[in-house]
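These figures come from a predicted structure and were not determined experimentally.
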Amino acid sequence: MGGSDVGKRACVPASPAGAAGAAGAAGAAGAPVALSHEAHGDGPELVLLHGVGLDRRMWDRCLPALAARHRVTLVDLRGHGASPAAAAGVSLAELAADVGALLTGPTHVVGFSLGALVAQRLGLDRPELTASLTLVSSVAGRSEEERAAVARRQELAAQDFGASAWAAVDRWFSPAWRAQDPELARQVLDTLLANDRASYLACYRVFATADTGLWRWLPRIAAPTVAVTGERDPGSTPAMSHRLAERIPGGRAVIVPGARHLLPLECPRELAGVILAQTGAHAGAHAGTDTGNHAGNHAGSHDGNSIRSHGSHPGTPTGQESHRS
């Protein structure tokens with residue numbers, strides 16, 4: 001996805017070991033599994049975590065900008081890509097422990113969707129490893145209606161996996177974006193359809209339910225945190241990013257005007273700017289300081305796009321940045 005090739009792809013094959021046992025009632029992680037991963041660039045450590053049903057290739061469009069300033073590690077989470085399968089009952093704690101086993105010191109952790117939940121759990125369980133958190137298109141504090149909607153999607157995936165994959169692409173891609181970049185939509189669909197069904201369902205259950213268990217512990221996250229999502233993301237809504245910014249001490253929320261869910265693919269330049277501002281490696285001004293309109297443009301045609309940012313209380317109009325101190 002995206003087709004970039006930055007540096008030498010030092011791929012580590014997946015371990016042949018099976019998935020660890022399910023977590024206990026307290027949510028403790030079993031023994032971590034060895035994740036397939038690759039590293040690019042030099043500089044402070046940064047790790048990128050993908051969403052459910054996708055794999056590390058979803059970061060290809062962001063990689064050139066990030067690897068120019070960081071040593072970037074891309075991983076396939078358990079149950080995805082070339083990593084070991086995920087057993088039924090796999091926990092968020094186990095997914096986070098897998099990632100923690102890869103890290104050798106303080107690392108800037110960037111997670112998308114399911115990966116954002118993994119990043120939050122890693123920040124709680126291994127604070128010494130999390131230099132900062134960037135939570136991309138993350139769910140938080142779902143309403144009863146939102147929980148019912150994700151439960152219906154989980155049920156559809158179990159009953160008709162193909163229909164579930166098509167529905168996801170329809171949610172993620174606007175008609176204009178699909179017309180502009182049809183090959184990318186096809187690649188995303190192919191990635192979803194290639195998933196091991198049992199692993200996908202096990203990880204989707206984590207995605208559908210784990211934010212409830214995380215919510216009470218979010219105020220204990222010590223790492224500097226930014227939550228970023230698209231203005232038009234129907235599942236990981238701007239309100240959710242504002243909730244995260246309010247709940248996590250010092251948290252910030254950034255909303256990308258006109259964008260949907262797949263920020264790493266739809267708005268790689270804007271997202272890379274947010275990430276580099278968060279890690280302190282941005283070459284210029286803060287990623288949200290320019291004014292302008294996104295106007296629904298996508299990867300490959302970002303000139304003139306920006307993220308509107310103003311210091312404000314959470315709940316300010318979409319397209320602004322909010323802070324909690």
Atom CD of Glu128: over 12 foreign heavy atoms under 6.0 Å: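 More than 12 heavy atoms, drawn from other residues, nucleotides or ligands, come within 6.0 Å of this atom.
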Glu145 atom CD, neighbour heavy-atom count above 12 within 6.0 Å: no
Does a donor on one side chain and an acceptor on the other come within less than 3.5 Å for His70 and Thr279? yes
Can a donor-acceptor pair be found between the side chains of Arg232 and Ser174 at a distance below 3.5 Å? no
Salt bridge (Lys or Arg N to Asp or Glu O under 4.0 Å) contacts touching residues 197-225 (sequence neighbours left out): Arg142-Asp211, Arg147-Asp211
Test item: [X] side-chain N/O and [Y] main-chain N/O as donor-acceptor pair under 3.5 Å:
| X | Y | result |
| --- | --- | --- |
| Arg71 | Ala39 | no |
| Ser83 | Gly79 | no |
| Asn195 | Leu192 | yes |

Going through the distances and angles, do Arg57 and Gln187 end up as a side-chain hydrogen bond (donor to acceptor under 3.5 Å, both in side chains)? CA-CA 10 Å; Arg57 293 174 297 166; Gln187 289 175 1; over 6 Å; no
Electrostatic pair [X]:[Y] at N-O distance under 4.0 angstrom:
| X | Y | value |
| --- | --- | --- |
| Arg260 | Glu266 | no |
| Glu246 | Arg243 | no |
| Arg69 | Asp42 | no |

Only one of His50, His80, Glu38 forms a side-chain hydrogen bond (donor to acceptor under 3.5 Å, both in side chains) with Arg56, so which one is it?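 So the option named by the test is Glu38.
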Applying side-chain hydrogen bond (donor to acceptor under 3.5 Å, both in side chains), can you list everything that pairs with Gln154, at least two apart in sequence or on another chain?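 Listed in chain order: nothing, the list is empty.
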Could you please spell out the steps behind the side chain to side chain contact (heavy atoms under 4.5 Å, CB included) verdict for Trp59 and Val110? CA-CA 11 Å; Trp59 294 104; Val110 181; 3.7 Å; yes
Is it true that His261 and Phe112 have ring centroids separated by less than 6.0 Å?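 Yes, they do, as the ring centres are separated by less than 6.0 Å.
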Flag side-chain contact, heavy atom, 4.5 Å: Arg121 against Val99: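 With C-beta onward as the side chain, the pair stays apart.
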